[in-house]
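Take a look at the structure below.
Start at 1 and go down the list; that is how both ligands and their atoms are numbered.
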Amino acid sequence: MRIYLVNPSDVSFGTAVITPRWQYVLAAATPARHGTPLLVDETLEPMDEDSVQPGDVVGIGIHTGNALRGYRIGKAARARGAFVVFGGVHATLFPDEAREHGGAHAVVTGDGDLVWSAVLDDCDNGRPQPLYAGGRIDGQSFYPARWDLLPKDRYMWASVQTLRGCPKHCSFCSVWRTDGQKPRQRDVNLVVREIVQLRRQGFRFIALADDNFYPVTLADLAAADRRADKRQHAELMKIRQERFELMARLEQLPADMVFYTQITMEAAEDPAFLAAMRRAHIRGALVGVESVTPEGLKAVYKNFNEAGEGLVTRLQAFRRADVHVLGSFIFGLPTDRPDTFDATADLAQRAGVSFAQFVMLQPLPGTIDFGKWERDAKDVPVVDGVPLTRYWLIPQHHRPGVYSPHPMMTADELRTYTQGVWDRFYALSLVWQRSRILKSLRARLAFVLISKLYRQMYAKTGIATDSARVQRSALRARLLARLAHRLFVSHPMPELREPGRVALMTEKPSPVAMVP
Ligand code: B12
Ligand code: SF4
């Protein structure tokens, strides 16, 4: 019985930006008696389905965007006599769909770490169960990834998760519903051990694949401190302290390490946290800006963000702390107007964000937006026999990309304006201007190359609707990726030792006292 772990993708680039962490985690959760799984990442190369033999186990991890490709692989693997198992966020939300469309024998919902070995044992005995509820395991139970299985020179960034869950409740996001609102932090020692292993192997670029790296804000602490019962305050302080402990350990790693994470912009008001991030080599963060207008923020339940000039100030605080921001903006909110596009592009440039992504509003299953959209949809259009409320089952090149009629703009206008903002933000002159933050010519050229690659991979393959265009863009991205990849390769450091524990300043209940 061979075990495949497949990360489906319609487009393969030969080189990929970030490792699909779930494959390396499930590989670690695979007991030695079942052998070492074969990891197939289709963002690198398409899967050779003919290699699957009767009795093999084919585990497929899906999110909404790649579910349809995953289902095709599942059906093909089942037809060849394999046991097919689905997992991942989309399978967690729609376990029956994976059985109906993907040929699943079994579906794992939630975290796979602890149930995976039971799934394999059952397949080995020829009796997989239809459903395994993985649940939300606590942070201490997460498996460290098996980085010894990493193929050489294929990924630019490795990914290490330090916590799961997010206390916010943004209307377009499913994380707080699937992963929960309680942050589940991993043991700092295990996180550091993984990172050291990666650096020993020659990886110095690591994405901290957390939902929200800043789960406790100063405002949360102040609110908890106002309560008579101090238990919540103590709990939040503990989480915060663990964040500082992690950062203090990362600080001791070699100076050439570069970490990148995802964070809410409230961190801008926490200079101690930002300074600790910078010292910990966290050089970049994706910040969900979403909208530049107060109405837009209200529409997505993200009032904790700032709009207008307040937004510029907050984003510049990251820049001053030397943490590069990848600003994430959403277009297509009902409050957007034709002039919102230019205003957003201007603001992104003025706020000093280094990179930006402009995504079109998409109702993702499991979100408040999706629930509302599905509930309110009348006369739902049907494309290729699929109702629009199950859009992920429509072949990629027929998917509309815009899901609700906009009060002011047509779908084509939204797409064209969005593409226009990508083009403007990534125009060579502006990219070169932004690269001024870097000192050497080599670093500036690398910045230009990465900017162009990012746009090619995400804008051109994401917004284009006809498949020929997507394929052409993918080919260009493939060439750029090959060039860019060299920038990420570094010399292995087999002798690197794990940094030891660091004594932080003893805390007092006040958050200000946490400044290490
Ligand atoms: C890091 C990350 C990224 C990174 C790296 C992705 C990568 N290559 O790994 C980047 C920045 C590139 C990224 C991009 C995007 N992402 Co993202 N990303 C994440 C994040 C924060 C963590 C993923 C991760 O590494 N987790 C760690 C691993 C160990 O956990 P896991 O994947 O959940 O796997 C566990 C279980 O699900 C299960 N499992 C998973 N697969 C399988 C398979 C089997 C067989 C079994 C048994 C179990 C199993 O077991 C695993 C171990 O417990 C998640 C949030 C989240 N909480 O999942 C969002 C998330 C997955 N991303 C999301 C989205 C929307 C995107 C984008 C579309 C955003 C955009 N608009 O561009 C793109 C899509 C890129 C693409 N084409 O794939 C959504 C997906 C929602 C959905 N319903 O599909 C999520 C859930 C966040 C959200 N906002 O809701 N992302
Ligand atoms: S968008 Fe970010 S801040 Fe909002 S719930 Fe999702 S992970 Fe949390």
request  = Determine, step by step, whether Glu194 and Arg199 satisfy the salt bridge (Lys or Arg N to Asp or Glu O under 4.0 Å) criterion, reporting the C-alpha distance in whole Å, the side-chain angles of both residues, the deciding distance to 0.1 Å, and the verdict.
outcome  = CA-CA 9 Å; Glu194 269 194 56; Arg199 186 63 194 90; over 6 Å; no

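The atoms of ligand 1 that sit less than 4.0 Å from any heavy atom of Asp179 are 56 (C), 57 (N).
At a heavy-atom distance under 4.0 Å, only side-chain atoms of Thr264, from C-beta outward, approach ligand 2. Looking at Asp111 against ligand 1, both its backbone and its side chain come within 4.0 Å, counting heavy atoms. At a heavy-atom cutoff of 4.0 Å, ligand 2 is contacted by both the backbone and the side chain of Cys170. At a heavy-atom cutoff of 4.0 Å, ligand 1 is contacted by the side chain of Arg164 but not by its backbone. Contact annotation: for Trp116 versus ligand 1, heavy atoms closer than 4.0 Å belong to the side chain alone.
The residue from Val17, Ile3, Asp211 that puts a heavy atom closest to atom 54 (C) of ligand 1 is Asp211. Of the candidates Pro20, Gly70, Gly134, Gly110, the one placing a heavy atom closest to atom 38 (C) of ligand 1 is Gly110. One option in Asp210, Thr43, Val108, Thr19 has a heavy atom closer to atom 9 (O) of ligand 1 than any other, and that option is Thr19. Taking all heavy atoms of Trp22, Trp157, Phe86 into account, the minimum distance to atom 29 (C) of ligand 1 is reached by Trp22.
The aromatic rings of Tyr301 and His169 sit perpendicular to each other, their planes meeting at more than 60°, with 30° as the lower class boundary.
Nearest protein heavy-atom contact of atom 6 (Fe) of ligand 2 is Cys173 SG, 2.4 Å. Of the protein's non-hydrogen atoms, Lys302 NZ, 4.2 Å is the one closest to atom 2 (Fe) of ligand 2.
A cation-pi geometry, defined here as NZ or CZ lying under 6.0 Å from the six-membered ring centre and within 45° of its normal, holds between Arg243 and Phe213. The cationic atom of Lys452 (NZ for Lys, CZ for Arg) does not lie both less than 6.0 Å from the six-membered ring centre of Tyr426 and within 45° of the ring axis.
Residue Ser159 places no heavy atom under 4.0 Å from ligand 1. Using a non-hydrogen distance threshold of 4.0 Å, Gly366 does not register as a contact of ligand 1. Using a 4.0 Å heavy-atom cutoff, Gln161 is listed among the residues neighbouring ligand 1. Contact analysis leaves Gln23 out of contact with ligand 1, as no non-hydrogen atom separation drops below 4.0 angstrom.
The distance from atom 8 (Fe) of ligand 2 to the nearest N/O/S atom of Cys166 is under 2.8 Å.
Distance check: Arg154 CZ to Phe13 CZ gives 13.5 Å after rounding to the nearest 0.5 Å.
Paired with Tyr214 under the rule side chain to side chain donor-acceptor pair (under 3.5 Å), one option of Thr264, Asp270, Thr261 passes, and it is Asp270.
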